Amino acid sequence: MEEVEHRTVKVNGINMHIAEKGQGPLVLFIHGFPDLWYSWRHQITALASLGYRCLAPDLRGFGDTDVPATPTSYTTLHVVGDLIGLLDAVASDQEKVLVVGHDWGAMVAWSLCLYRPERVKAMVNLSVAFSPRNPKRKPLDTLRALYGNDYYICRFQEPGDIEEEFSHIGTERVLKEFLTYHKAGPLYLPKGKEFGHPIDSPIVLPSWLSEEECNYYATKYDKTGFTGALNYYRNLDLNWELSAPWTGAQIKVPVKFIVGDLDLTYNAPGAKDYIHKGGFKRDVPLLEDVVVIEGVGHFLHQEKADEINKHIADFFSKFQDRPRRLPIVYVAIVVVLCCIIIQFLFVSRI
């Protein structure tokens, strides 16, 4: 990653760290939790080599970007505002950009397309399908009814509570626990039970994740703590309130969606029916493709990097600007006119 350039941009009242590489049409990568810009390292290298300008920020609350202290400063309106400010600052010459999102980044990407569709040319979203707003039920009520209070998102709600447990477990181990979670079922974090096994038990890293990579994540989270990242979850109900004007609105951007069949999001109640039986296509009418990769979990862009890179490149290639071709009838007219002119000049010379 030595060729990746890093800088800080002032956007929407915060300092945002961005990583970028390459020249050409801009691809905006939006990470999730517990990721950083770094989770796109494989995609940045691959897409830059194919003639794209790859841009991956640390979202507010993550990595080397500012961590606002106010918990309610992490709504999708704030985060989408950051991204619009970023695009205005570094890509004002490009009316529309290509977008790739994963996990919370996928949710933010859906919101970006909902709030500002004129800024997005096409999108590849990973892991988290679009979730239309249900005006009759708040998100946390739904999650508690489905999974109970030990479900990880429900455990994240009380400020300081889960942070204290994470401090006891240790930053590096917490990150490894999340990044190596490879079960189709929901993740539960009962209070005082850590991740369900002793904190001194060994964690075997998968082939796609190294100790060096884990250390990079840990270094950044040791600096910021987890609160900024967890505040995204703590604004689920506030997002629901603020997004009321978009109730029933569709995503009007060309989309390709990719998910692993072992992803906990894909195995949530009702998710497969929604994705495959018409609901998803109804809400995202320009949905062009849904890809389900067998044997793959939540962090599919790292676990199957080459495969994901190809899916992204193949989809985005359809939206490359190409020279406009004249309709065949115009070509025929030009040919006929040229023949007439040549014949006239020949006759006049005689």
Side-chain angles (χ1 to χ4, degrees), residues 24-32 40 43 47 50-56 76-77 79-81 83-84 86-87 91 94-135 239 243-261 263 265-266 268 270-293 300-301 307-325:
L26 190 142
V27 182
L28 175 65
F29 292 96
I30 313 175
H31 70 80
W40 298 112
Q43 286 70 46
L47 271 292
L50 295 176
Y52 292 93
R53 179 188 176 192
C54 298
L55 180 66
T76 54
L77 292 178
V79 183
V80 170
L83 297 178
I84 293 297
L86 175 62
L87 295 179
Q94 299 196 32
E95 181 182 0
K96 294 186 176 185
V97 301
L98 303 162
V99 175
V100 184
H102 171 256
D103 185 76
W104 256 107
M107 296 173 68
V108 170
W110 291 123
S111 295
L112 172 63
C113 293
L114 197 62
Y115 305 155
R116 298 297 302 273
E118 80 281 2
R119 301 300 297 268
V120 182
K121 183 183 295 186
M123 179 170 70
V124 175
N125 245 357
L126 311 178
S127 179
V128 180
F130 179 62
S131 180
R133 183 180 185 275
N134 182 350
N239 286 333
S243 61
W246 290 275
T247 301
Q250 296 175 312
I251 299 293
K252 297 291 185 68
V253 168
V255 173
K256 182 173 190 173
F257 178 70
I258 312 172
V259 67
D261 70 339
D263 196 320
T265 64
Y266 184 62
K272 293 177 184 177
D273 284 348
Y274 174 73
I275 291 171
H276 298 293
K277 295 186 177 181
F280 198 9
K281 181 67 173 177
R282 176 197 65 223
D283 298 327
V284 188
L286 299 182
L287 178 68
E288 296 194 14
D289 197 10
V290 172
V291 178
V292 181
I293 304 179
L300 66 170
H301 56 316
E307 189 171 347
I308 296 301
N309 295 344
K310 187 175 188 309
H311 279 300
I312 296 172
D314 288 348
F315 186 63
F316 284 167
S317 68
K318 298 191 294 183
F319 302 93
Q320 291 276 42
D321 293 330
R322 296 180 176 87
R324 293 184 178 180
R325 295 182 178 180

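Computed from a prediction, not measured in an experiment: that's the story for all the values here. We use all heavy atoms of the structure for the numbers below, so side chains are in, but hydrogens, waters and symmetry mates are not. Positions are given from 1, in the same order as the sequence printed here.
By the 30° and 60° cut-offs, the orientation of the rings of Phe280 relative to Phe257 is perpendicular.
Between Leu286 and Lys281, the closest heavy-atom pair is C-NZ, 4.3 Å. What you find for Phe315 and Met123 is that their closest heavy atoms are CE2-O, 3.4 Å. Minimum heavy-atom separation, Ala109 to Asn125: CB-OD1, 3.6 Å. When all heavy atoms are compared, the tightest approach of Asp261 to Tyr266 is CA-CD2, 3.8 Å. When every heavy atom of Pro25 is checked against every heavy atom of Gln320, the shortest pair comes out as CG-OE1, 3.2 Å. The two residues Tyr115 and Ser243 have their closest heavy-atom pair at OH-CB, 4.1 Å.
Between Gln43 and Val100, every side-chain heavy-atom pair lies at or beyond the 4.5 Å cut-off. Side-chain contact check for Val291 versus Lys256: some heavy-atom pair is nearer than 4.5 Å. In this structure, Val255 and Phe130 have side chains that are not in contact, with every pair of non-hydrogen atoms separated by 4.5 Å or more.
Listed by chain and residue number, Asp273 satisfy the side-chain hydrogen bond (donor to acceptor under 3.5 Å, both in side chains) test with Lys277 (two or more places apart in sequence, or in another chain). Scored by the side chain to side chain contact (heavy atoms under 4.5 Å, CB included) test, Thr265 finds Ser127, Val128, Val259, Asp263, His298 as partners (sequence neighbours excluded).
When ring centroids are compared, His31 and Trp40 stay outside the 6.0 Å threshold.
Residue Glu95 places its CD atom among 12 or fewer non-hydrogen atoms of other residues, nucleotides or ligands, all under 6.0 Å distant.
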